[in-house]
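This report concerns only the one structure given below.
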Amino acid sequence: VIFPRPDDFHVHLRQGAALALYTQDLAANFGRALIMPNTLPPVRDPAGLIAYRDQIVTAAQSAIPAGGSFIPLMSFKLLGDMLATNIAPLKAAGAVAAKLYPQGATTNAQDGVAEIETLFPVFQALQDENIVLCIHSEDPQAFCLDREKAFLPHIRSILQAFPRLRVVIEHASTAEAVQFVLDGPDRLGATITVHHLLYDLDAVIGDHLQPHMFCKPVLKRPEDKLALQHAVSSGHPRFFFGSDSAPHDRVKKECDCGAAGVYSAPVALPLLAEFFSTHANQTTMQNFIARNGALFYGLPLPGDQPGAGTVELTEQPWTVPAQYHGVVPLAAGSTLGWSVRPITKGKS
Ligand code: DOR
Ligand code: ZN
């Protein structure tokens with residue numbers, strides 16, 4: 001099966017020396033990606049955004065297969081002290097999305113937003129500038145399995161207060177969030193990760209403790225997974241792929257205060273191919289990874305971009321490496337039914 005090099009609408013590439021390695025793993029398989037801003041320090045101003053994008057573009061070069069391209073789509077982090085006047089310059093620097101992290105909700109979110117309502121003037125500016133508001137939808141005060149559901153009322157208020165603002169519920173993990181999107185307006189979408197689509201909480205704590213499956217939002221109940229699977233296999237256009245690929249060194253995961261995050265960028269496409277071959281079909285897969293998100297964001301479709309290139313998925317068994325540069329990936333060591341073949345020059 002040949003697809004246009006797809007989009008990943010939610011990915012973490014970090015900072016420092018590791019950035020190049022994570023970028024290369026991603027650019028090998030994806031043509032575009034929305035880059036999350038929870039780096040240290042965060043992406044929060046035009047200069048920081050441009051510098052971060054330049055680093056990613058440079059790092060990607062060596063990993064882009066001949067005949068393809070890689071475009072980082074940039075986001076910035078909403079902070080409590082941000083002003084409405086900060087937004088237009090970020091848009092001018094190329095930002096397509098703003099990311100809202102409730103304070104303390106996840107990795108590097110200590111500087112997240114404590115009182116969502118205090119940011120309403122900033123949301124007004126996002127609406128005026130046509131920037132998408134991406135939300136880590138969890139209330140960190142709630143019980144861990146209820147955090148996503150507990151945050152939905154905030155999203156309802158935001159949608160009501162800003163009738164033209166586009167909003168994405170990131171890494172939707174519950175049946176409630178799926179229903180909320182289905183009941184919502186066309187300007188409300190959700191990303192779905194491959195791990196929330198294929199696994200439930202049993203993969204984290206059902207048998208042995210599996211730190212490499214620990215992420216925020218935590219994997220949920222089987223019925224939540226089924227609701228996500230149904231949303232995806234039905235081909236609903238407001239659900240699209242965002243890996244939330246979030247690498248942490250093995251030692252940061254296998255310790256007494258383990259970091260949240262699943263490293264899935266290198267394995268996402270074969271796992272999705274397996275899912276779609278049994279639950280849906282090729283067209284639905286192509287829409288999920290290379291159409292729905294682009295339409296929601298108002299970007300050219302991957303297949304329509306000159307020089308974007310293609311990726312081939314073949315039904316050839318592939319054993320996932322135990323580690324990528326010290327990070328244990330999703331499905332490490334297991335043999336999958338599908339593998340990715342890089343595009344070849346000349347094919348478009
Ligand atoms: O598990 C997660 N890891 N969830 C997030 O929201 C952030 C991410 C990270 O940056 O490690
Ligand atoms: Zn994330």
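Counting starts at 1 for both ligands and their atoms, following the listed order.
Under 4.0 Å from any atom of ligand 1, one finds heavy atoms of residues H12, R14, N38, T106, T107, H136, H171, C215, K216, D244, A246, H248, A260, G261.
Using a cut-off of 4.0 Å between Lys/Arg side-chain N and Asp/Glu carboxylate O, E312 and R341 are scored as salt-bridged.
Put simply, the side chain of W338 reaches to within 4.5 Å of the side chain of V1, judged on heavy atoms. At least one side-chain heavy atom of K77 sits under 4.5 Å from a side-chain heavy atom of D111.
For the Zn ion (ligand 2), protein N/O/S neighbours under 2.8 Å (waters excluded) are H10 NE2, H12 NE2, D244 OD1.
A donor-acceptor pair is defined here as one N or O able to donate and one able to accept, closer than 3.5 Å; such a pair exists between the side chain of R166 and the backbone of F296. One N or O on the side chain of D200 and one on the backbone of D202 form a donor-acceptor pair closer than 3.5 Å.
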Just do the side-chain contact (heavy atoms from CB on, under 4.5 Å) check on Y263 and K253 with the steps written out, would you?
CA-CA 11 Å; Y263 192 41; K253 299 281 289 173; over 6 Å; no
Stepwise, does the side-chain contact (heavy atoms from CB on, under 4.5 Å) test hold for Y199 with L201?
-> CA-CA 7 Å; Y199 301 90; L201 189 54; over 6 Å; no
*asked:* Does S137 form a side-chain hydrogen bond (donor to acceptor under 3.5 Å, both in side chains) with E148? I'd like the steps, not just the answer.
replied: CA-CA 5 Å; S137 175; E148 184 171 274; 5.4 Å; no
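Not less than 6.0 angstrom separates the ring centroid of Y324 from the ring centroid of Y22.
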